[in-house]
Each structure stands twice: as C-alpha cells, then as structure tokens.
2 protein chains.
Amino acid sequence: MRSQKVAAEDVDQKLFSTFSELGYDGASMEILAKATGLSKASLYHRFPDGKKQMAEHVLTNAAEFLQENLVKTATDRSIKPEIRLQKALGILDQVYEGGSLNCLLRTLSVGTDAENFKSYIMKCFDLIAKGFAAIAIDMGIDAKTAKTRSKDVNLLVQGSLVLSGVTHDRSYFKNTLAKIPGYLTA
Amino acid sequence: MRSQKVAAEDVDQKLFSTFSELGYDGASMEILAKATGLSKASLYHRFPDGKKQMAEHVLTNAAEFLQENLVKTATDRSIKPEIRLQKALGILDQVYEGGSLNCLLRTLSVGTDAENFKSYIMKCFDLIAKGFAAIAIDMGIDAKTAKTRSKDVNLLVQGSLVLSGVTHDRSYFKNTLAKIPGYLTA
DNA sequence: GTCTATAGCTAGATAGAC
DNA sequence: GTCTATCTAGCTATAGAC
C-alpha cells in the first residue's frame, strides 16, 4: 500500500493545534511530524523554509479565516447587527474551541523568532477588532467608542484564555464571551 | 582575581526576566547562563534539578513577593482602602515593569512541563485576587461581588499584557491599571 | 510526495580541576 | 563556588531512494 498524500487542510489544522498548545519552541519538528502524520522530510518538502515558515503559514491561514468568516459576517448589512454579533462570538468560540485551546496568537508571541511573528499576530487582532467595531457602529455606537471597545474585546478574550488555560476552567472564556454584547453596547 | 560569588538575588532577578521574556522552552541553559553571568555548571550547582527547578524557584519567589508586598499591603487596615488600592496597582506596575515585560505567569504556562508549573501560577493569581478582594470589601463591596471582580483584575491585566507585548504599546497595560479602581467599585 | 537515514549542531546535564 | 571540557540526547535540516 503506497503512502497517500495527506490533505493540506488536515496538515494545516494539526500545525495550528500543535503550535497553539506548545508554542513555537515547544513544538519540535519531531512533534509536528507525528501530529501531522508526515515525516520530517515531508514537512520540509511542503515548507522548504522549515518551522518558521510553518508558523507563518498557520498565522496567515488564521488571518484569512478571520477575514472570510468573522469580518465578512460582521460587515454583512443584510443581517441584523444583533445576529451578526452572536455569529461573531460563535466564530471566536469555534476558533478557540470553547476556551479549551490556547490561543495561537498568544503562544507564538513568546520565544524564539517571536518578533518575526508579531506583525502577523497584530493583523489577526486588527481583523477581530474591525469586525466587532463594524457591528457596534451598526448598533448605534459612535465610531470612536466602537473602536475602543472592539479593541477591548481582544483584551478580554485573551485575558480569559490565559486564565482558562492555566486553571483548565473554561468558564472564564465562556463568561467573557457572554459579557461582550453588554459591554460593546453599554 | 578569583571569581566572586554572584548574589542569589541577582541570579533570581535575571532568571525571572529571562523566563518572562522567552518562556520556558525559549530560555536555554546557555541563555540563562549568560544572563546570570554564571556558567551552566554553576547554575547546576545552585539548582541541581536543572531548568525545571529554576522555573519553580522563580515562581515560588513571585508568590512570596506577592504575599509580602501586594497581599500584606492590601490587607493592612491601618491604611485607607483607597490608598491600598493605589499601592497594589503600583506593585503590579512594578512587577510587570510598566507593561514592558511579558508576564512570567503567562510565559511559563505554555510549552514543555507547563502542566507542572500551573499550580504555582494559580497560586500567584490567587494571591493577586485575594489582595484586590480584601480592598474591595473594605471599600464597601459585598464579598461575592468583590471575589468576582478581583478575579477579573487578573483577566484584565493578563489580556492587556498580551496586547502590550504583541504591539509594544504599553498603553493597553497602563490604561487597564487606570481603569481598575472604577471597575472594582462600580 | 513520501520515506529512511543521517549530517551537523545545540540542547540539557555532568565530571573534575581549581 | 566557580570554571572548562565533555557527554548524550534531541534539535533543525538535508540527501537520496522509491
């Protein structure tokens, strides 16, 4: 039985979850190979520039996902803003697997090569803020307030994920998501 | 000129800042040796169980510092609670170097051996929450509300440190500290 | 496109001199 | 208590067969 080509989406998903869990330095090539079901050599075939390229790839994927899902939904004026808000929160819940997964944006922000990744990470934070700001504005919040509060959404979500990760208690994350609508439109 | 014994407090400080900046996996023994000004062998002389012991040591130090400074101040009823609150925020500002330093509690929560460190990390979060809860209660907030909001202090501070770290913009942290008094006693 | 095997290096950790 | 030198294991990365 010849080896089958492993689907790129499956590899991407495994790279995402492994970097999220272990961070850049903690995710060794050996671990990444086992997680994806590929050999190290096959990973280098797909990512000639190695681990750094893999991390940049998953961060680029994350930005695309946020643009195509969160931002697209959040700016779709054919939907009522209240519904968009719920959908946007649902997307965050999905991305962070209900608070059970460390946030890739945070785990890749510390350690070797972290500085190289920060522009990608900021892009993702900006997309999330952009989405929530659009919703808030359409709910009648003035633009300046909407911008401030949508940035705070990132702050609250990241803080809750730190605490959920350390305590293994997802309620920090769940409660934070639940409080966002009230906070955004207070 | 013989080699002088390096002061333990200086070593501790360097271990703290290096683990804070690079995380557990990113802080290699080579880097830790250079940061402390000791050889790797000398570090092993002081910490026979190696890097893991060093990380546990700095976390234990952090808990002692929080107890002896933040908690002690926060529970000192000879001081007006409003003053205690400002002192407690000053201590957080000092610990995190105005938002310029990654938080040790966060950087050690990801990567190899992270699970072993989480009990130490939780202890530190509990001490911070304990301090702010005591202050809030003495400012007239009921115990249950005080407990919830003091936990949120950790959430807000951690979230702001993630964003300040990624963007190199300390205002997330500074603004968060400034907002805590209003939030705690709203 | 996949793999095994391995190069070359750096990691954590240790031995033993001073 | 400090150091240099070194060990072994694991690391990133590559070579070359299929």
Side-chain angles (χ1 to χ4, degrees), chain A residues 1-16 18-59 61 107-108 110-117, chain B residues 1-59 61 104 107-108 110-117:
Chain A
M1 195 196 286
R2 278 178 64 250
S3 298
Q4 298 277 338
K5 171 165 180 176
V6 179
E9 310 86 64
D10 294 342
V11 171
D12 291 349
Q13 172 57 36
K14 290 295 187 181
L15 294 179
F16 173 84
T18 306
F19 278 126
S20 295
E21 183 188 351
L22 299 175
Y24 186 74
D25 295 310
S28 70
M29 290 299 301
E30 187 76 35
I31 290 172
L32 292 167
K34 284 198 174 135
T36 56
L38 290 169
S39 67
K40 287 188 280 182
S42 293
L43 277 177
Y44 275 101
H45 178 78
R46 298 183 183 216
F47 303 97
D49 291 338
K51 199 163 85 160
K52 188 176 171 181
Q53 187 183 0
M54 297 177 208
E56 289 170 349
H57 179 72
V58 294
L59 284 169
N61 281 353
T107 62
L108 289 185
V110 174
T112 309
D113 289 328
E115 286 306 318
N116 301 121
F117 301 143
Chain B
M1 196 194 288
R2 278 178 65 249
S3 297
Q4 297 278 337
K5 172 166 177 176
V6 179
E9 310 85 65
D10 294 341
V11 171
D12 291 349
Q13 172 59 36
K14 290 295 186 181
L15 294 179
F16 173 85
S17 59
T18 306
F19 278 126
S20 295
E21 182 187 351
L22 299 174
Y24 186 74
D25 295 309
S28 69
M29 289 299 301
E30 187 76 33
I31 291 172
L32 292 168
K34 284 194 175 142
T36 55
L38 290 171
S39 67
K40 286 190 282 181
S42 293
L43 278 177
Y44 275 100
H45 178 77
R46 298 184 182 215
F47 303 98
D49 291 338
K51 198 161 86 160
K52 188 176 171 182
Q53 188 183 1
M54 297 177 208
E56 289 169 348
H57 178 71
V58 294
L59 285 169
N61 281 352
L104 179 80
T107 62
L108 289 184
V110 174
T112 310
D113 290 327
E115 286 305 320
N116 300 120
F117 301 142

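Lettering follows sequence order; numbering is per chain, from 1. Remember, it's a predicted structure, so these values are computed and weren't measured experimentally.
- The shortest distance between side-chain heavy atoms of A/L38 and A/R46 falls below 4.5 Å.
- The side-chain heavy atoms of B/L43 and B/T36, taken from C-beta on, include a pair separated by under 4.5 Å.
- Checking C/dT6, C/dA13, C/dG1 against the side-chain heavy atoms of A/K40 singles out C/dT6 as nearest.
- One atom, NE2 of A/H45, and another, P of D/dC18, lie 18 Å apart when rounded to the nearest Å.
- Remark: B/Y44 is in phosphate contact with C/dA13, judged by side-chain N or O atoms under 4.0 Å from OP1 or OP2.
- One interatomic measurement links the two molecules: CZ of B/R46 to P of C/dT14, which rounds to 18 Å at whole-angstrom precision.
- When distances are taken from the side chain of B/K5 to each of D/dT4, C/dT2, D/dT2, the shortest belongs to D/dT2.
- Distance, B/D10 CG to D/dT2 C1': 16 Å, rounded to whole Å.
- Here the P atom of nucleotide C/dA11 and the CG atom of B/D113 are 17 Å apart, to the nearest Å.
- Nearest to the side chain of A/S39, among C/dC3, D/dG1, C/dT2, sits C/dC3.
- Comparing A/P48 and A/E30 along DNA chain D, the residue whose closest nucleotide (by nearest heavy atom) sits nearer the 5' end is A/E30.
- In terms of position along DNA chain D, the nucleotide closest to B/S42 lies nearer the 5' end than the nucleotide closest to the other residue of the pair A/A41 and B/S42.
- Between C/dT14, C/dG12, C/dG1, one nucleotide has an atom nearer to the side chain of B/K51 than all others, and that is C/dG12.
- Protein atom CZ of A/F47 is 18 Å distant from nucleotide atom C1' of D/dT14, rounded to whole Å.
- Backbone-only contact: B/S28 has heavy atoms under 4.0 Å from sugar-phosphate atoms and none from a base.
- The environment of B/K51 atom NZ is dense: over 12 non-hydrogen atoms of other residues, nucleotides or ligands sit within 6.0 angstrom.
- Rounded to the nearest 0.5 angstrom, B/F16 CZ and B/H57 NE2 are separated by 12.0 Å.
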